[in-house]
Amino acid sequence: MRTPLRSLLLLFVYNPISGGKKKIDIKQVIEDYCKANNIEARFFETTGNDDKESLRRDFIEIKPDGVIAIGGDGTVNLAGVMLVGTKTPLGIIPQGSANGLARDLNIPEDINEALALIRLFRVHPIDTIKINNRDAFHLSDFGFNARIVHRFSESFMRGKISYAYHGLLEFFSFKPFSYFIETPNFKYEGKAFMMIVTNSNQFGTSVMINPLGDIDDGYFEIVVLKPFSRFVAPYILYKLLKNSIHRTRYSKVIRCKTATIINHENESFHIDGEPVNLDERIEVKIVPRGLYVIRP
């Protein structure tokens with residue numbers, strides 16, 4: 001679906017601390033671009049205090065043609081949740097510590113290139129995932145990465161260096177956890193280093209965890225990364241960077257439309273980079289064409 005080039009009213013949602021970057025200059029760049037390109041820009045700054053309801057009130061009042069998330073996957077989720085089931089599209093200007101969904105959608109990280117893409121206003125539907133009635137758009141997981149996300153969320157340091165620092169701390173203390181998964185056709189159980197729920201491909205760091213994922217094919221994948229010794233870690237990282245982890249004995253990929261996950265050990269979990277606490281029983285299902293996005 002494509003809307004002709006015309007005057008647009010866009011609501012820009014930005015997190016002033018995402019990625020450890022100040023957004024003051026970015027806001028000015030956006031305002032200048034919009035004035036020069038017949039776009040009316042409105043802005044919503046997150047504060048961490050009742051953002052979801054405040055943003056929804058602004059959305060209802062403004063009635064924008066599109067909502068543009070400036071930040072990482074957490075900001076994208078905040079804006080996208082409000083748009084699920086509507087025809088109002090989500091645009092992204094990647095500025096976070098992790099920009100996974102933007103990478104999967106081939107959205108450029110350069111601000112001016114991202115704005116030019118938004119101005120073209122090419123709109124396409126993508127599938128979304130429901131996890132115990134919470135909306136997920138990119139990647140959610142249990143285990144190693146989720147524990148880093150929890151550490152990162154409690155840290156005063158932002159950015160990729162902080163994320164790497166917490167990753168190293170976690171790596172030397174982490175112990176695998178037990179998992180149980182039931183789909184309409186099979187049951188799976190065992191030990192995992194990490195378990196990812198996603199219908200896309202990569203972490204925000206460009207590390208490919210699910211090369212077979214397709215964001216609009218009507219399915220999602222549960223990727224189980226099995227335990228491995230520290231001596232094997234360089235091999236695992238190499239396979240991740242080469243987009244071939246799914247071909248190793250350390251990876252199991254479960255492709256489905258619905259699944260039940262039992263989190264007996266209360267393992268850490270996050271949705272799109274935001275730590276969450278869920279019940280022991282976790283229901284997951286695909287929502288075909290759940291969200292419209294502006295993408296190439």
Side-chain angles (χ1 to χ4, degrees), residues 73 97-98 100 103-104 129 131 136 138-155 160 162-183 186-213 220-256 259-282 284:
D73 289 327
S97 300
R103 290 178 185 273
D104 277 316
I129 298 174
I131 303 176
H138 175 240
L139 184 150
S140 307
D141 62 48
F142 300 85
F144 177 71
N145 184 60
R147 293 192 193 182
I148 299 172
V149 169
H150 280 253
R151 282 179 179 264
F152 183 77
S153 70
E154 296 169 356
S155 172
K160 293 180 180 179
S162 175
Y163 191 87
Y165 168 75
H166 290 295
L168 284 173
L169 291 179
E170 189 61 50
F171 181 74
F172 289 104
S173 62
F174 182 81
K175 293 182 180 179
F177 63 96
S178 300
Y179 70 86
F180 177 84
I181 302 168
E182 183 175 2
T183 70
F186 297 100
K187 294 180 181 180
Y188 308 85
E189 58 184 324
K191 290 277 189 179
F193 175 78
M194 189 162 55
M195 188 164 69
I196 302 97
V197 179
T198 183
N199 65 333
S200 54
N201 305 117
Q202 60 188 299
F203 291 107
T205 53
S206 297
V207 172
M208 190 71 68
I209 191 64
N210 183 31
L212 302 179
F220 68 90
E221 285 77 40
I222 301 175
V223 181
V224 179
L225 191 58
K226 301 176 184 178
F228 54 87
S229 74
R230 291 191 179 98
F231 299 105
V232 179
Y235 169 78
I236 297 293
L237 181 58
Y238 173 79
K239 287 296 185 179
L240 287 168
L241 294 173
K242 289 295 184 180
N243 304 343
S244 58
I245 189 65
H246 60 297
R247 298 195 183 103
T248 73
R249 65 186 180 90
Y250 294 100
S251 176
K252 177 193 291 290
V253 180
I254 303 166
R255 190 168 183 263
C256 47
T260 299
I261 299 170
I262 307 299
N263 187 14
H264 288 303
E265 299 184 29
N266 193 30
E267 183 57 45
S268 296
F269 187 68
H270 77 87
I271 293 178
D272 292 344
E274 297 298 311
V276 296
N277 295 311
L278 298 177
D279 297 333
E280 180 181 21
R281 184 182 181 90
I282 300 169
V284 187

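Just so you know, these numbers use all the heavy atoms, side chains as well, and skip hydrogens, waters and symmetry mates.
- Taking the side chain as every heavy atom from C-beta outward, Lys252 and Val223 never approach each other to under 4.5 Å.
- Partner His138 forms a side chain to side chain contact (heavy atoms under 4.5 Å, CB included) with one of Ile129, Asp272, Asn201 and no other, that one being Asp272.
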Exercise. May I have the step-by-step check of side-chain contact (heavy atoms from CB on, under 4.5 Å) for Phe177 and Met195, ending in yes or no?
Key: CA-CA 10 Å; Phe177 63 96; Met195 188 164 69; 4.1 Å; yes
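- Between the side chain of Asp73 and the backbone N or O of Gly100, at least one donor-acceptor pair lies under 3.5 Å.
- Atom CG of residue Leu278 and atom CG of residue Asn263 lie 8.0 Å apart, to the nearest 0.5 angstrom.
- Other residues, nucleotides and ligands contribute more than 12 heavy atoms inside 6.0 Å of the NZ atom of Lys226.
- Between the CD1 atom of Ile282 and the CZ atom of Phe269 there is a distance of 5.5 Å, given to the nearest 0.5 Å.
- For the atom pair Lys175 NZ and Phe144 CZ, the distance stands at 15.5 Å (nearest 0.5 Å).
- Between the side chains of His270 and Asp141, at least one donor N or O sits under 3.5 Å from an acceptor N or O.
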Exercise. Check the pair Ile181 / Phe186 against side-chain contact (heavy atoms from CB on, under 4.5 Å), numbers first and verdict last.
Key: CA-CA 8 Å; Ile181 302 168; Phe186 297 100; over 6 Å; no
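- Other residues, nucleotides and ligands contribute at most 12 non-hydrogen atoms within 6.0 Å of the OH atom of Tyr238.
- Closest approach of Tyr179 and Val224 over heavy atoms only: CE2-CG1, 3.7 Å.
- In this structure, the separation between CZ on Arg255 and CD on Glu221 is 6.0 Å, given to the nearest 0.5 Å.
- Between Asp104 and Gln202 the shortest side-chain heavy-atom distance falls below 4.5 Å.
- Between Asn199 atom CG and Leu139 atom CG the span is 9.5 Å, to the nearest 0.5 Å.
- The shortest distance between side-chain heavy atoms of Ile222 and Tyr188 does not fall below 4.5 Å.
- To the nearest 0.5 Å, atom CD of residue Glu280 and atom CD of residue Glu265 are 10.5 Å apart.
- Asn210 has its side chain out of reach of Ile196: every pair of non-hydrogen atoms, C-beta onward, lies at least 4.5 Å apart.
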Exercise. Starting from the C-alpha separation in whole Å, work towards a yes-or-no answer on side-chain contact (heavy atoms from CB on, under 4.5 Å) for Ser268 and Phe142.
Key: CA-CA 6 Å; Ser268 296; Phe142 300 85; over 6 Å; no
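- Put simply, the side chain of His246 reaches to within 4.5 Å of the side chain of Leu212, judged on heavy atoms.
- With a 4.5 Å cut-off on side-chain heavy atoms, Leu225 and Ile245 count as touching.
- Ring orientation note: the planes of Phe228 and Tyr250 are nearly perpendicular, at an angle over 60° on the 30°/60° scale.
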Exercise. Check the pair Val207 / Leu241 against side-chain contact (heavy atoms from CB on, under 4.5 Å), numbers first and verdict last.
Key: CA-CA 6 Å; Val207 172; Leu241 294 173; 4.1 Å; yes
